[in-house]
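Reviewing the structure listed below.
Proteins come first, then strands; the chains are lettered A, B, ... in the order of their sequence lines, and each starts at number 1.
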There are 2 protein chains.
Amino acid sequence: MSTHDDLRDIALAEFAVAGYAGTSLQRIAEIAGLSKSSVLYHYDSKEALLQAAIGPAIDRMDAILDSLGGSLTDRDDRHAFIVQFVDFLLAHRLEVHMFINQGPGLEDVPVIDRANAMVVKLATFFSSSVGTVEDHLRFGIALGGAAYVLSAKQDDALRDQQFGEAAQIEVRTALITIVTELLEPVSLRSAQATT
Amino acid sequence: MSTHDDLRDIALAEFAVAGYAGTSLQRIAEIAGLSKSSVLYHYDSKEALLQAAIGPAIDRMDAILDSLGGSLTDRDDRHAFIVQFVDFLLAHRLEVHMFINQGPGLEDVPVIDRANAMVVKLATFFSSSVGTVEDHLRFGIALGGAAYVLSAKQDDALRDQQFGEAAQIEVRTALITIVTELLEPVSLRSAQATT
DNA sequence: ACGGTAACTGACCGATCGGTCAGAGGCTGT
DNA sequence: ACAGCCTCTGACCGATCGGTCAGTTACCGT
């Protein structure tokens, strides 16, 4: 992999764990084995590094949302979208974790505005106008919860590299189950026993 | 409220939205209408401010966990605990959001170590030794998702102050429903239709 | 062999960081 | 009136921040 891409990956990992403000160019340079000047040779600024780190993820989510027509009332369409959504989360867990948790507070950064707009757009697919409070909460928990648990499992995942592939499939399957359960609208939900 | 408490509340709000590293003492001082020196008069250091901000929440969660015996196999015990858990989240959403998302990356800070230890302790109550991957994910999503959605709804909550009390009850009820659904162990779950 | 370019570096800049310190102002009990 | 304490402040400190710039390598096609 090129130095350029290395820096982007390192920056993304550090931004996700230590925060954008909490990550210095010096630290990124040290991890990459370069000087701070070299980092600024490959990217014009720290903000450009942020854009390179999370931009592709936003592009992909935008593409997924654009490929969809209106709202997801059909059950099969919904399931297909949830699969796409989970795969997106698995592929871009660090990016999602980043702009979910640091989106507010990083205003005036163009790429962050795009990310926030994308989240809003995403939310409308699930809880369009008629959404109840509970439906709003369900969507938020699915999004924020999945982003959290996938970035928190990062350490475990690296440690359990030997199980890599099998474990990844298991996580994916479980995630689809849980997210489907969470996002299933009340109208499609079977009657529950009162507690 | 005293200046001392004001500073703690301001710091907590800023830490939660901008991150610990991203919040300067200067900014806290400006919001409080004081000088930076005054902030350091009330608290010995920035770290002391962090401890004052999230310490009480950790104490409360520790107390809740200590009041429980072993694992939560009984259904009623489980429900009672979930209610306590949700009320804890509602009362301390900013603190939880903080050490959920900034816990890693803020190592070597004593109060953060306590917070991380508490989260681990909390996790054992739900997915003790035999926990499947899906159960681990369910717990993580419930915790991280609830923390996210409650801190994200902060703006809305302030804007909808007129509905304050009624909306709060609705959120609490919905949260209990969702968290219960998420944390219900497989053994107690009714059969699901295969998708 | 030589010119150009991509990759990289150390020195340096102003700004801001967390933190120290001596002291000013006000309020209290004696 | 005085002493003591609580609150607060500006000046200052070394360190680090993001970023600029001139210059050094190494490799390339000609």
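- With rounding to whole Å, B:Leu7 atom CG is found 8 Å from D:dC8 atom P.
- Distance, B:Asp6 CG to D:dT7 C1': 14 Å, rounded to whole Å.
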Determine all donor-acceptor pairs shorter than 3.5 Å in which one atom belongs to a side chain in residues 6-17 of chain B; sequence neighbours excluded.
residue, atom, partner, partner atom, Å
B:Arg8, NH2, B:Asp5, OD1, 3.1
B:Glu14, OE1, B:Arg27, NE, 2.7

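- Computed from coordinates, the A:Leu40 CG to D:dC17 C1' distance equals 12 Å when rounded to whole Å.
- B:Leu49 places its CG atom 15 Å from the P atom of C:dC17, with the value rounded to the nearest Å.
- Between B:His92 and B:Phe88, the angle of the ring planes lies from 30° to 60°, which puts this pair in the tilted group.
- Put simply, A:His42 has a side-chain N or O that comes within less than 4.0 Å of OP1 or OP2 on C:dC8.
- Remark: A:Tyr41 is not in phosphate contact with C:dC8, judged by side-chain N or O atoms under 4.0 Å from OP1 or OP2.
- The pair A:Glu181-B:Arg138 meets the salt-bridge criterion, with a side-chain N (NZ, NE, NH1 or NH2) lying under 4.0 Å from an Asp/Glu carboxylate O.
- Contacts between residues 18-37 of chain A and DNA chain C, defined by a heavy-atom separation under 4.0 Å, are made by A:Leu34, A:Ser35, A:Ser37.
- For B:Ser38, the listed nucleotide lying nearest its side chain is D:dT9; candidates were D:dT9, D:dG18, C:dT9.
- The side-chain contact (heavy atoms from CB on, under 4.5 Å) check on A:Asp87 picks up A:Arg60, A:Val83, A:Leu90, A:Arg172, with sequence neighbours excluded.
- In this structure, A:Thr23 and A:Gly19 approach most closely via the heavy-atom pair OG1-O, 2.7 Å.
- Checking side-chain atoms of A:Thr180 against main-chain N and O of A:Ile176 turns up a donor-acceptor pair under 3.5 Å.
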